[in-house]
Each structure stands twice: as C-alpha cells, then as structure tokens.
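My questions all concern the structure below.
Note that the coordinates shown come from a computational prediction; the quantities given were computed from them, not determined experimentally.
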Amino acid sequence: MGKIKVKLFNYKKQNDYKWAMTIDLDRCNGCGACVVGCQAENNVAVVGEEQVEHGRNMQWLRIERYVEGTYPDVKVRFLPMMCQHCDIAPCESVCPVWATYQNPEGLNVQVYNRCIGTRFCGNNCPYSARFFNWYDSKWEKNQENQLNPDVSVREKGVMEKCTMCMQRIRRGKDLAKDEGRPVKDGDIQPACAQTCPTNAITFGDINDPHSKVHDLAHSGRAIRLFEEKGTHPAVLYLKGGSGNVY
Amino acid sequence: MDRRRFLKLGALTASTGMLGACGQTAQQIVPFVNPPDDGVNPVDGFWYATTCKECNAGCGVMIRTVDGRAKKLEGNPGHPISGGKACATGQAGVQKVYHPDRLKSAMLLSGERGSGVYKPISWTEAVTVLSDKLAGAKGSVFFLNNGSNDVTAGVANAIFKDSEKFVSASNHDAGAESLRQGGAALTGLPQTPYPDMANADFSLLLGADIFEWDRSPVFYSRSFGASRRDRPSSRGRMVYMGSRLSSTAVSCDKWIPAKPGQLGIIALSIASVVVDGVIEKGLARAIPRNTLGRYSDALRKYRPERVAEKVDVDAETLYKLAAPFVNEAPAIVIAGDGVTGYSNGVAGLDAVELLNMISYEIGKEKLTAKPRSTPESDQDLKDRMLEWFGPAPRKQTFAKLKSLTEKMAAGEYAVGLIHNTNPVFDTPNALKFKDALGKVAFVVSFANVMDETANQADLILPDNHWLEGWSAQIPDFVPGVVALNLGQPVVQKFQETKAAADSLLEAGAKAGLKIPAANGEEYIKKVISAFRSEMLEIPPALSDKEAWNFLLRRGGSWPSENDTELTATPASDKLWAFKGNLASDEPVFEGTNDHPYHLHIYQTVFAGRGSGVNHGWLQESPDPITTVMWQWWIEINTGEAGKLGINEGDLITVSSVHGSVTGPAYLYQGLRPDVISIPAGFGHTNYGEMANGRGANAMDLLGLSMDEASGGLAARSQMVSVKKAGGSVVLLRNGNPDGEDKGEAFQL
Amino acid sequence: MSTSSGHAHGSAEHKAAFNDLTDVEDIRDPEAVPEVVRSTYDDADIFRDEKEFNDHTLRPMFYTTKAYFIFVIALSLIMAQGVATFAVQTYYGLGQTNMHEPLFWGSYIATFVFWVGMSHSGTIVSSLLRLSHANWRRPILRAAEAMTAFSLLVAGLFPLIHVGRLWRVYYMFPLPNQRTLWPQFKSPLMWDMMAISVYMVGSMTFLYVGLIPDLAIARDRAIANNNWRQHYLKFLALGWRGSNREWMVYNKASLFLAVIILLIAPSVHTIVSWDFAMTMTPGWHTTIFGPYFVVGAIYSGVAGVVTLMIVLRWLFKLDDVIRILHIDALGKLLVVIAIIWTYFYVNEYIVTWYSHKPEEAHMWAWQGERFPHLLWIMLGGSVLNIFLLSWSRVRRNVYMMFWMSLLVNAGMYSERYLIVVPVLTRRDNPFMWTDYLPSGTELSIIAASFAYFIFLYAIFIKLFPIVTMADVKEGVVISGDMKIGRHSVRVQARE
Amino acid sequence: MSDHYTVLGLYRKVAIKTKTVDRVVEEFDLKDGEIESLTSAAYPDGAIVDDKTLHHEVYKQQYLFPFLLGICGFFLGIALAGGTGYIMNMDVGGKPPFSYMPTGVITYETTLACAVVGSLLSIFYFGKLPNWTERAYDPDISDGALGLLVKLDSTEDQDRAAAMMEEMGAYRVHKGKNNF
Amino acid sequence: MNFWNSLSSTAKMVAGALAAIFVGLHIFLAIFYFGPFWFGTHTPTQPIAFSHKLHAGTNKIPCQYCHTLARRTEAAGIPSAEKCMNCHGYVKAESPLIVEIAKKFENKEPIVWQKVFDLPDHVWFNHKRHIKKGFKCQRCHGPIEKVDVVGRSNDFKMGFCIGCHRDNEAPTDCWTCHT
C-alpha cells in the first residue's frame, strides 16, 4: 500500500482540545450498531415508512455501501458517513444566522434554537451529512420515555446533524475539571465509538500527541474524504488493507 | 436502601427537551423520598449491569437509566462476550420496553382460537386458570422456547422433570444444531467449537455469516476487528466461501462463490491438501504420523483436481486456500450455515475441525496459538450448571421439535407452554406447526407483544421485558470459559406484566406440583449458592448477600481475563484417535426439475428471525447490503435477472414444492446465478402494526429436509423456481441505485 | 427643439450637432419657426389634444368592467388556496413539500430566482433606455417598472415560504438584541437579503418617482369626477403642480435614480447567482454564474414586458400608445439578449464537457436524461427566438411576439428549475443521489404566486396610471419636424 | 413674512406663453423664483421660464443628497458587515471575524440603498414637496394647459398682471393670495 | 371619510374583518415574543407552604444544606423528604405542615413540588460548575432568603447568561449551553 500523505490540521491551536475521529475502514463490517447507537443516544427520530419513501430518513450516521465489479469478482465497500466536522466547513459560512459555526474545539456546531431552516448548509455539504426536520419528530406512544434528557428534541424546521455526542464531551470535560486534570484519552466516547463492535471508530483529542486518535491519524493510512475540496475534516478514514490473499 | 422503591421514586427532573416556542408550562419536580448514596449522580443517570436477551448470545450489557427510565444500552466492558460493545438489535431492545404494542395485562381467550378475541383478566385469575390446567394435565405438558437456557426453561424443567411426557424443545437457529453435533462427533467435546479468530492470521469462513445472526455477532465482530488491526505483526486476512456475498463476506478480503451444498466437500478438499502438506513439511510433530497418513488416505479422493469441477471452484484456488494452514498457522476455518444447512453438513464439519486442530498444533509449535476450547473440568461444571436452566442447547435439535410437533398433532398434550418464541411464524411451513398447536388442549403463551403464536394461545401471560425482570443464563457461546449471566430489573414494570418463571412457579405451587423455588429471583439465588464454591470469581469472604450484590454489580460471573489459563488444550488425542469416515455424501436437494434455483434464506442484521420487524429503529436502519428500509425483497443475481427480464422492484414469485412467495426483486451482483436469496423474518400477519403485511414469509417455501446425522434442519436444500408476477414496486433504498457503483468518488 | 444654449447640457458634440440643426434664438420667436407639430403621432388622429390622450390612457383606471371583477375574484381564489396551503405547510412542517435530503432546495427557490429574474426587466431596462435616450421607451416604462416592483414583492415571499421556521426569520435582520447575536454576514443569503431589500427600495422609489406627475394628472381627474381615488392620489401626488422647479428637480433625480438602479440591478442578480456559485456544489460552482444570471434575468424580464404590453394593449385598447414600433424594438432587444444568453449557456457546457470534470459531467448527463423536456423548452425556445425574431415580420406580428415571449419565460423557468434541481439530485456523494418533482403543495403555492403577481398588477391598473403619461408628453414636447433641404426630419431635443 | 399675491394664467400654446413670460418679467421686474411655469410635461429647462438661481441650486447641489447619503451608507455597511463580527461575542474556532468579500458586498448594497433614499429626499427638498396646501393651480394644467404663475407684492400689481395675461391670450386667469 | 362611506356594507365588513385580523395578528405576535417580559413572574402555589425566609433567612441554613445536589450535579435538586425529617423529626414536629410531610415520608410518598425556575428546554445548565466557581445562589435566583413564597425573579433570557459569561471570561461557545 502506497503511503498517502495527509496534511494534518494546520489548525491554529486555540484550545486544549481538538476533537477528532478516525474510522478504520479495514475494521468496519457494516453491522449498523453505530447507526442504532447514534439514534438512541441523540433522540434521532424514526420518521416512518411514509417519510422514508420521500427520502427523509434521518440517521446522523449512516453506512454507505458501494459495489464494485460484477459477479464473480464483486467487492462491496462500507463507508460510515457522518458530519465530518470540517475545519474549513462549507456549511458554516453560508448560514445567515450563525446557527452553525466551528467551535474552539474543532467541532461544527449546530444550534437548533438559532436555526431558521434556510437549509443552505445542507446544500453546501459535500458529504450530505445534514438532516432537516421536515416535520416535528413523533415518537410512538410511550416511546418518548426512551429519550435522552441530555439532548434536546428538535423542532420542525431546523437542521440537525452529528454532534460527536457533544453531551458526552461536555460531561467528560466536566468530570475532568472536577478532578482538576485534563481529559484523558478514552474518557470521552461518542455513542458510535463506544458501541462499535469491531473498534473501527476511535475518538479523541488530536492535539494530544499520546492519544490513540493522534497515532492513527499519523499512521499513514489516514485519508480524508473529498480532500480536494479543502474542507479539512476532523474525521479521518483509515484506508482498508489491500487484501493480499490474492 | 430498597432499590425498587428507589427506582419508583427516581423521577427527579422532567427535563426531556422540546424546542417549544412558548415555554411557561407548569412543570413538577418529584424529589426522592430517600436520597441516593453520596457519590451517585442521579442526573447523569445510573448504570446497571444486566444481560441482553434480544438473542441467545448472552452479551453482558450496561443500561443507563435516568428518572427511572432505561435510556441507553452499552456493552458491559468486563463481559467476555460483549467486551463493552453492543449490536444494533441489542441496543434497540431498550426501545422495546416502551413498545406501543406491548400487552397490558394477562388475557384469556374469549372467542375462537386464532380469532384474537381476548379478555383481560387479573393476574390472580390468570394464575388460577393456569394452575387448574397444569393440575389437570397430569404431566402431559410441553415447553417450547427459543433455545436459550434461562430461568423460565429451568423452572419448567424442574417442575415437570418427573413427568415422562414432558418435553422441553426449542425452536431456534437452523443449522446451529448440526454445528454442535459436528463438534461433538469429532472432538468428543459436547460444546460448540470456539474459533479464536482474534488471533488468527488467516480465517476461512465457510458459509459462516458470523456478523449477521450467528452465535454472537458482537463477539465475532470484536474478533474480526482484533484480527484485522489489533495485532502489530500482521493484518488478519479472511476469505469467505458461500453462495451469497453476505454482509460478512463483504468484510472479508475475498469472496469465492462456491456451489451450494458443496462447502463440506471443499473443506475436505482443503483438508487433504493441508494434511499432505503437514506430512511433507514435517510439521505438527505431536500428531502421530500414521494418523496423518490415515487421514491423507481417507481424503485422497477429495484432492482439489478431483472436486474442482463439482464444487465450481478451480483447483488452484483450493490450493491457495490450503496454503495458509500449513505456512501461516494458526489459521482457522469457521463453518456456518453454508456447511450445515445441507443434508451432508456433518462430514464437512469434521473436516473443518480437523483443519482447526492441525492448525492449532502447528501454531502451538510456533508459540502463537491460543486455547480454543473449554477445559474438560470446566465443561463438567458447565454441564451441571446447565441442568438448572433447561436442556442443554446441544440437545435441542430440530428433530426434537419435529417429533414434538408430531405428538402435538396426535393430541398427546394437554398444556403447551410457549415462551419467547414464535414457532407458528418461523418454523417451515411444511412442519404444520399451527395445525399441531390446534390439537393441544390448552396453549399458554408468555409473549409480551402479540405475535402469530400468541394469537393461537388460550391464555397469554405477558412476560416482563428483560429490562424489567430477573434473568440468569449460562451462555452457550463463551470462548473458553464458563460464565453465568445475571439480569436484573433496571426499570420499573412499564405494563402489568409478570415474569414467566414467576407465573409458572405460582401456578405450579397452586396446582400442588413440586416447585424448585418461590420465585425466579429465589431460583437464581439458589443456583448461585449451589455453585458458589466453584465459581472462583466471587471472593470467598463475602456473605451470600454481598456475593449476590457483587454479581449484580458485575452482571454475572465469569473468570476475569487474568484468570484464564492459557494452557487448556483441545482434545487432540480424541481427534487423532478418530477412526470415522471423512467421506461426504452428496447433498440432497428438495425440488423437481422445474425448480432450477437454490433457495437461500438468511437473517438480516436488523430483522433477525422476525423480531426486528416491529421495531422502528431496526426497520429504519438500512440493511447493510441492499440498503433497503421498511421493506422486504428477493435477491437475484443481476446477470440472471437480465436473462429473465427482471428489473429492480419487479414483483417476482418464488415457488417451491411447498409454497410460494411474491415480492420485489433486488438485483445483486454478489449472488450466485443459481441461487435465490430471501431474508427471513418478514411477512408477519399478527405482530403489531409495524410488522404486519410487510413482505412475505420465506418459511412458506421451506420443507423439512434434515441432516440426519445431526438432527438439524437442512434449511438450504430447498430448490425453487422464479417467475415474474407482473407489476413492480419502488424499493425504499437509502442509497441511490445509480450511485452505488460510484464509490471511486471517495478515492478510498 | 427648444433649448437655450446657456442651460443645455450633455455632450459637447451633441450640443454642437443640435445647434447646427436649430437656430436657438429663433425658437423663442413663434414667427421665425413654423408651428411646431406637437405630436409624434401625426398619423394617428384619435387625440390631438392632451385631454383626449389623458382620457384614453386613464380609462383603464377609472372604468371597470364586470369581467375585471370576475377575473380578480378568480385570482383571489387561487391566492386563497395558496395561502391555505401555505398555512398548512407552516403548521405541519415543510414535509408537505417533496424536498428531502440532500435536495434541500427545490421548486420554491427555482421560483424565487425566476421572480427575481422577472424583476430585472423593469427598472434595468427603463433606466438603461432612459440613460440612452431611447425614445421608444416612453409608453412602456410604467408597465416595466411596476413589473419589477411586483415580481420583487412576489419573489420576496419565497424565502419566507421556503424557510423552516418562519416565526424566527427575524434572526436574519440585524436587530440589536439581548442575545448579542448578529446575523452572519458571510452568508450569501444575507447578501441576497440585503440586495433584494435594496433593490426593492430602489425599484419602488423609481416606480414612485416616475409616478408622481402622472398621479397629479390622475388626481385632477379624480377630483373632477369626485372619485374615491382622490384621497390617496392627493396624498401620493405630494401636491405636484408641474412647476418648472419641480420638473427640473424631478428630471435630475430621475437621472440619479437611473444610474443607481443600473448599479443595483445587476448586483442583485449576481448575488442571487452567488447563492449557488459561492457553494462548492459541482454544477453551481462556476465563475460564469453572475453574468449568466443577469443576462438570463434580463431575458426573462424583457420577455415578461413584451407579454404584459401585448396583454395591456389588447385589454385596454392602447394600440395607439403601445404601438408595433415598441414591440418591434423590444423584439430586437430580445434577439440581442438571447444571443448573449445562449453564448453563456453554451460556454458553460463546453468548458465542462471538454475539460471532462466527472462530477459535473454526471450531473449534466443526468439533467439531459431526467428533464429533457425542460431542456428542450429552454434551449429550443432560445434558439428559436434568435432566428425568428431576427425577422421583422415576426417582430411586428403581435400574436407571434406574444407566444414567443411566453416561450422565453417558460424556458427561463425551466432554466431555474434545471439550475436548482438536477444539481442537488446529483451531489458529490453518490450514495445520496436522489430525484425530485414538486409536490401538490409546492405547485399550488407557486400557482398562487403567479396569481398574486397578476393580482397585484390588476389592482395596480385600477389604482394608478398604467401608461407613463408625463414621459410620453415629454416626448411629444421635445420632438418636432425640422426642415433640412427638401425633407422634413423628425428631431428630438435632448438634455 | 409679508403677504404676497399670485396670478395664474392658463394658455393653450407655448409660443404665446413664452411671449407673455418675457413681457411679464419685464413689466414687473420679476426676479428668479417669482415666476413659475406649470406644465403637464417636462419642458426642457429654460424653454419657458429661465430661473438661473434654480439652475444653480439643482445642478450644483442636488447631487449632494445621494452622494452624502451614499457615504453614510458606505459606513453603515462597513459597520454592519465588518463591525458586528467584533461586537459579537461568539467564540468561533479561529476564524477571522472580518471578511473582505461580505463586507464589500454589504457595503455596496447599503451605499446604493442610501443613495436611492438620498435621491428621493432631494426631490422633496429641492422640489419643495410634499406640499398639500391649497396652492395656485388649475386642473386644466394636467390636461395640457400651460400655466404661468407669478408672485407679486400688491393687489394692484395682481390686477394689472391678470389683465395683461388675459390680453396676451390666457384663456383663464386665477388670482390668489399667499398661494404661490 | 368619503371613501369609507362610499363602500357597501359588505365591503365594510370585509375591510373591518381584515383590519381586525391585522390588529389581532400583531397583538398575538407581541404577546408571543414579548409576553415573557410582560408576564414574566411565575409564582406557583406549592403543596407545602415552605418558607425560604424562615429557613435560609431567619435560621441561616446554608442553601446547600438542603440542595445538596447543586455542588455535585447539573441540577440543584429538591431535598428529599428524608432531609426534611432529619431536623423536623425533632424541630416543630407537631406543626400541621410537618405532620403532613412526616405522613408522606412514612408512606414513602414523594412530595410533588411545582417548578419555579425553569430554563428553556434547549438550554443545558450545570449548577456544579457555577457553585464550584464560587457564585452565590442569589446571583441568579434573587434574594431568595428574603421571601416566603418563591417566585421567578429572573427570566433567564440568553442575554442574562451570556452577559455574565462574558464578564467572567467563561466560554461563549454556543455548545457550552445548547445542544
């Protein structure tokens, strides 16, 4: 496998933390546990069959699959796709009301109560990782009991997207602050990373040279999606192996 | 502090967010009557260890509860199966607590059987009805579950074990029985072979859809990830052989579409090359030469050149596949439904086991191999413990279910107890289970949502959701160790339900039967006190109550990683002493000349055997391969579909000698042209609004071919025909069909 | 023909040329010059008198037929169902439309761009013509300017219809607030909002300033007839008397406004195009979008003017005011714009095709595959225009012009749809490719927007003079026949 | 301010009117601003009456309105688009609060918006509009009659001027007080 | 008023209705957006007439003696009935209000209080951080030790939060409080 050089984070160090995620495509087996984990953690609505017909399903994290070749030499690839938390995000400069912007820790913020629903950000996202509440989210009778109290339920007419489980980051930082220490690597786990059975998803502070995500990002396997667009995502994908069996 | 009381009063804040425009709504705060211990943060929520019961794997999980409501399921980091991870279905289990279709109380049939007319009755009344029937049955009772060994099965077994007529059967994963039998036949160990994929350089999956619905998707996924990238030395490689490029096959490096029913022969063929290679290179010195020679002779007729044409895989490929076993051991083979789903499964399994043993021996010489089986002493303990939780899974074959059905049809049973399974829906149509059930005088279902089987019951005693009640389980599949999973109620009961074991015990007591304990919780405590001395992981200094709390906190009992002895050996002596015949029969297929296609029924990640179909999260998660949501489909090879003039979404009818189903076609490159593949679990008729009428039941096509050697259902041996039914529907796919081959956009 | 050398201004050459033609001193002397023929319309004998002209042109304002009421009620019904649909959409959410991820913009934005484009007819054409002293402009100015104002009013609704949370739209305005949060000026939408508001202010001002003298005329009529319109006309006419001072100031301010509008108008549509071009979406992100949109806008706007003129001419029997001459001139303008537009369009395709940019090539291919009919209407209409309108018999045929101008606007609507929709259905991420057709909700709201535009126009006709009377009169005043040798030549005084 | 008296004569022909203008100006020694022509169309300036003061005012001063307001708009734009980034206390990750392109665009638009307003205001200011009071006027003017309005100091002059206008061909004459 | 009089009675009705809708809409919007400013105070009746003045004012019991969760968690929390009984098992045990609490405590029945200070649901506030930083409760909740019946003394508009955050150089990133 040729080495791919990734220019990593020419990001002005502003803050102690710069959250990043690596997704190992060699490990991902497309099981969908992260998809449900994300949905459960973030109160993402089940829109129902009728809305799915309109293409409005709302998984913040979805597993894209691509088919290459024809029978019998078929290769299928899985590509978990969520908000890439770009450093130079196309979405943030087009929002007229600052409902989306980059926060000092390198995350792309979506502030639901500020959003007026122009949907420009969604149009400008090359990853198509943003979702719109076409209707008020509905939960089947009783199912609102399952809602996570840390995450607001979105109203109709606002955009939403992956937050890298901001509520967990906040809680992790809060605990670290109580103990008077910086956040340790592995303290904070977004729902997808925590649940991923193959450990394909790693989350951490890329500014910390000892963090796992820093290691992986510099492992030479890391690439970013649509690198040529210059968006500098904080989500790095680790390329799959070449499969040297054959 | 009284935990239940605490849970009841746990609602501290009502802060679930709604982005309302005008606030000012009157809100109430309900404080604790007794505050929780210091150091507990009631706002963050409490984490409880319990055991997931969404499938039989028995993953230890942690549940986050806030305000007395279960919010999120995560894996229990210490648990040997889940290791802190969880699968989609398990996580969705939380939402089932709040499922709108849950039954609200005990119900007694008040109309015709199958009419679905029930009247709610009180629990006292319900238990009385049950006890009367049990008393009157005089032991002609059967108990049917999904094959999990849990408290209910154990209690049923304990109550009725003196009755000769009592049968405790199970309705569970087709093919898995023969897998167990295969392991037993060759190694002499009555356990499931445990392939240590995590440490293997090379894994050959023979039709084993290990990520989809085999014994533990979570464990296999963890092993897969570890094998791929956790070992610094090399990247684990996988090759999948089978007729369909399943979600598992996709993750492997290579898919080899072998001919259906011939995977056992392929295993033998590879084994022949490996044995010869081992002899030639002088590897695996612990194995007697003459033994190897005997194997070599027995396998000679399966040399790749001889079988290549028959199995539709060229000889060169077979040699290549054999090479890693000799050169890079430990390499492993994992056999799945692709081997066991045919009438000749067992011979293939023997070859698989032989390969694994040889590979292990070579690995041992290289000091890289890890133990692959439970030590015999532990196995004894496991067997003894299993006795408390119903029949051991290896005894629960399809043959047993079949004979039970026959007896039911003969009207031999007065009372049938059905717990946690839906045989009317997911047994082959040819079994005529529903008709047989009609002959049972009184059927009791413990389902907590209405399903096809519960709809045939006379009495429904809704069981608790597993988050609401006690459970214990000896997980069948724990790599190399004996474990006891404990489940505890983490939330208050959401509906007026009652644990099935409790109902049984109460009714049994009332009927004057001998009951093993007062209730389920007591029963579990009894088990623990019986085995406490043998379960080393409970510190001996603890009192019984402390030990109980210790286990609850941990979520069960299993040796921690440091305790695991790495010296356990497979029973190689038995293997080498094996004198059986490794020759494989030709698979028997059921169908006429008009049925040119092999039927391949498989379980999708989300729908499973049908339990995921009435669940929003699972239904809306796109199937990994087809990306279809909310729908059912029939897969056909793209080229073959072209020949038949079928486009995506066209309705096609698949017929076998037993029946036919009609559904939209999904054109897939990753399927052998002579195979039609259909996801199971769809086509419910009485399983809640979300599931009803969604697709058709693939089981309608299935006959009763069995692997006689193991007593397992040969679920893949059905032949079918395909024709266009006219009309078409739009498949609801997450991914656009036009874009699915445009993955190069990402330059991965 | 009457100007004093001391106060005339304009280019030096022009002045010289004019002086050669006219003896300035002689003009003051009625005997020295033959009676000035005060009408440009010598051949028309319907009104030699201004009174008659006023009567004729104000007739649509003061006399209303039954058909008009029926028409307006019909429009109101279409609008009412649009409003009801919109209310339903606002109440239940934008799911009523057919938009979905990642197609976040659909027919609403296409229609928005269409209406903004329509608005470019009026003021930009009118100020261009005013500055270039094109004499044939005079009767059409009001119709064109009103069209600008009304299509802007309609266009301005679409962002409101489009947004998800209408009740929070004030977040976009730079209002001081306790949250100390300001709008994000980096967003092209903010520029868009600013540009459209400015254009709205500008074109409304332009329309109003142009109206003032005519309002005075209508006011006098209304007072004379004791018509109820006198109340607002009195107020809006500002007490205009037509004094020398007023005319002077008025002419001057009109000049300023014409220049300013000429600066605003292209910027508006450029900025609208930047809503698309400033994104990184393949198919939108092109440098040509600014001028391409502006030309497209003028194209549709001019065609809109033609349609309207013909309709007005037919409805109110204004054949003598709006003459074949005007329609012919607009036809020539259409040819020029059509050529420029086609050039831009072809250029955009050729560049993509030749450089073989795969992500855009996909998109174009899909566009042709999915919406061939729209593509044909757009391109075919444009090419047809270039060839047919070059032929003066077509330009001078009112029926032909009517249908051609409608075809142009159908094509331009298709163009907007083809800009917005196919691009979003074939985005960067091939997994999320999709398809889209507007829903019933969208169609009914769009239909209501057309009804609203026509309604506004219909109401306007009844409340304000529809022909630029003062300008026509000015044209009459400053033109006359001069004898050069044996010929009598029509000349125009210019300022 | 002392009272003044006005005479408004209505004519049908330009030539006659211009002659009258010359004679009335000569007769009563009218200065700039004391004689006005009321017409329904914009006659080229000076064609009928020639007001040098007015010319000066309009040509030299009217542009100041849009120009100065445009400058105000320019600063308003800079303050809005450039300044609010600094006022706003949002913690954005390392991006500069000031941006050239948006500031340029917004400034351009605000400048022109204010210039438009300036142009409108200039009509009001220099045209002495709006003025809804009863002033010397005749509805015939809007139908093409040419009005000649003079401002005089005394009733005698008023009568004389009225007579003169009638004599010169005015088909109607209005006399008024304080309504120039 | 010529215009008005010239209208037919139907037209008058329509115009009147339109005007009414117009005015009504504005009143609605005004209440919608500014209502919280006008009708801001929220003083619900509590099930037990608890007096903060008596406890925190007169008897000078520290706030966090009862609201213990404030320094440990996001929510300040309402003290449990057990907490009340810790003292009132002895102090004024015979008072009718205390008897009521005692009865509920024995029945293990919680007292349902009415919420006074309520943040909008899309705001996440952490008491712990603010208490640890050393802010007095009164800073946000007003002079609570001086009133018998607690009412909302503060609307907790965003300006209130952000002003204080800016003054104290606390983070002003939106996701500090909103998700």
request  = Flag the pair C:P102 / A:N123 as yes when at least one side-chain heavy-atom distance between them is below 4.5 Å, and no otherwise.
outcome  =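 No. Closest side-chain heavy atoms not under 4.5 Å.
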query = How far apart are the closest heavy atoms of A:P126 and C:D428, and which atoms are they?
reply =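 Closest approach of A:P126 to C:D428, heavy atoms only: O-CB, 3.4 Å.
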inquiry  = Within this structure, what is the CZ-CE distance for the pair A:F120 and C:M278, rounded to the nearest 0.5 Å?
reply    =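 Going from the CZ atom of A:F120 to the CE atom of C:M278 covers 9.5 Å.
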task = Let me know if C:L424 has heavy atoms under 4.5 Å from chain A in its side chain, its backbone, both or neither.
result =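 For C:L424, side-chain heavy atoms alone lie under 4.5 Å from chain A.
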key: Residue A:N57 versus chain C: region with a heavy atom under 4.5 Å   =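 Just the backbone, heavy atoms under 4.5 Å.
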ask   = Within 45° of the six-membered ring axis of C:F431 and under 6.0 Å from that ring's centre, is NZ or CZ of A:R65 located there?
value =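 Pair A:R65/C:F431 does not count as cation-pi.
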message = If you define the side chain from C-beta out and look only at heavy atoms, does anything of A:F132 sit under 4.5 Å from C:M99?
response =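 No, too far: nothing below the 4.5 Å cut-off.
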query = Can you find a heavy atom in the side chain of A:E92 that is under 4.5 Å from one in the side chain of C:Q184?
reply =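 Counting from C-beta outward, A:E92 and C:Q184 never come under 4.5 Å.
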ask   = C:M172 versus chain A, heavy atoms under 4.5 Å apart: side chain, backbone, both or neither?
value =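 Both backbone and side chain of C:M172 come within 4.5 Å of chain A.
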ask   = With distance as the sole test, does A:S128 use its side chain to make a donor-acceptor pair with the main-chain N or O of C:R427 at under 3.5 Å?
value =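 Pair absent, no side-chain N/O of A:S128 close to backbone of C:R427.
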task = Check whether any side-chain N or O of C:H100 sits under 3.5 Å from a backbone N or O of A:H54 as a donor-acceptor pair, and report yes or no.
result =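 Yes, C:H100 side chain to A:H54 backbone: donor-acceptor pair under 3.5 Å.
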inquiry  = Taking side chain as everything from C-beta outward and backbone as N, CA, C, O, which of these in C:F173 sits under 4.5 Å from a heavy atom of chain A? Side chain, backbone, both or neither.
reply    =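 Contact with chain A is absent: no heavy atom of C:F173 under 4.5 Å.
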query = Where on C:W284 is there a heavy atom nearer than 4.5 Å to chain A: the side chain, the backbone, both, or neither?
reply =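 For C:W284, the side chain is the part near chain A, not the backbone.
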request  = Indicate yes or no: at least one non-hydrogen side-chain atom of C:Q96 is less than 4.5 angstrom from one of A:Y135.
outcome  =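 Yes, close enough: below the 4.5 Å cut-off.
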request  = Verify, without hydrogens or angle tests, whether A:W98 (side chain) and C:W182 (backbone) share a donor-acceptor contact under 3.5 angstrom.
outcome  =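 At least one qualifying donor-acceptor pair exists.
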message = Is it the case that atom OH in C:Y349 sees more than 12 heavy atoms from other parts of the structure closer than 6.0 Å?
response =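 Yes, the 6.0 Å shell around OH holds more than 12 heavy atoms from other groups.
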key: Partners meeting side-chain hydrogen bond (donor to acceptor under 3.5 Å, both in side chains) with A:E49 (sequence neighbours left out)   =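 Residues passing side-chain hydrogen bond (donor to acceptor under 3.5 Å, both in side chains) with A:E49: B:R694.
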query = Taking A:K156 for the side chain and C:Y91 for the main chain, is one N or O donor matched with an acceptor at less than 3.5 Å?
reply =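 Flag set: sc A:K156 to bb C:Y91 pair under 3.5 Å.
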ask   = Which pair of heavy atoms, one from C:G95 and one from A:R56, lies closest together, and at what distance?
value =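 So the two residues come closest at O-NH1, 3.0 Å.
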Heavy atoms from other residues, nucleotides or ligands near CD of A:E228 exceed 12 (cutoff 6.0 Å) =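 Yes, CD of A:E228 has more than 12 neighbouring heavy atoms, counting only those of other groups under 6.0 Å.
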query = Do side-chain atoms of C:W105 reach the backbone of A:T118 as a donor and acceptor pair under 3.5 angstrom?
reply =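 Indeed, once roles are kept as given, a pair shorter than 3.5 Å links the two residues.
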query = NZ of A:K161 to CD of C:E101: how many Å apart, nearest 0.5 Å?
reply =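 The CD atom of C:E101 is 14.5 Å from NZ of A:K161, to the nearest 0.5 Å.
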Chain A contacts, top residue of C:P159, C:S439, C:P430, C:S187 (heavy-atom pairs, under 4.5 Å) =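 Option with the top pair count is C:S187.
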message = Do A:E155 and C:R165 make a side-chain contact, defined as non-hydrogen atoms from C-beta onward lying under 4.5 Å apart?
response =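 Heavy-atom side-chain distance check passes, below 4.5 Å.
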message = Assess the residue pair C:N429 and A:E64 against the criterion (side chain to side chain donor-acceptor pair (under 3.5 Å)); give the C-alpha distance rounded to whole Å, side-chain angles, the decisive distance to 0.1 Å, and a yes or no.
response = CA-CA 10 Å; C:N429 186 340; A:E64 301 188 348; 2.7 Å; yes
key: Residue A:C115 versus chain C: region with a heavy atom under 4.5 Å   =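 When you check distances to chain C, only backbone atoms of A:C115 fall under 4.5 Å.
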ask   = Side chain of A:N124, backbone of C:T279: donor and acceptor closer than 3.5 Å?
value =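 Not a single qualifying donor-acceptor pair exists.
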key: Largest heavy-atom contact set with chain C, pairs under 4.5 Å, which of A:C121, A:A129, A:C95, A:C125   =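 The answer is A:C95.
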Considering all heavy atoms, the nearest A:R119-C:V163 contact =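 Closest heavy-atom pair between A:R119 and C:V163: NH1-C, 4.3 Å.
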inquiry  = What part of A:R62 gets within 4.5 angstrom of chain C, counting heavy atoms only: side chain, backbone, both, or neither?
reply    =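 For A:R62, the side chain is the part near chain C, not the backbone.
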key: pair A:V97-C:R168: side-chain heavy atoms closer than 4.5 Å   =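 Counting from C-beta outward, A:V97 and C:R168 never come under 4.5 Å.
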message = Does any backbone or side-chain atom of C:T97 lie under 4.5 Å from a heavy atom of chain A? Answer side chain, backbone, both or neither.
response =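 Looking at C:T97, backbone and side chain both touch chain A.
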key: pair A:M159-C:F104: side-chain heavy atoms closer than 4.5 Å   =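 Sidechains of C:F104 and A:M159: in contact.
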task = Determine whether C:M280 and A:T231 make a side-chain contact, defined as any pair of heavy atoms from C-beta on separated by less than 4.5 Å.
result =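 Yes, their side chains come closer than 4.5 Å.
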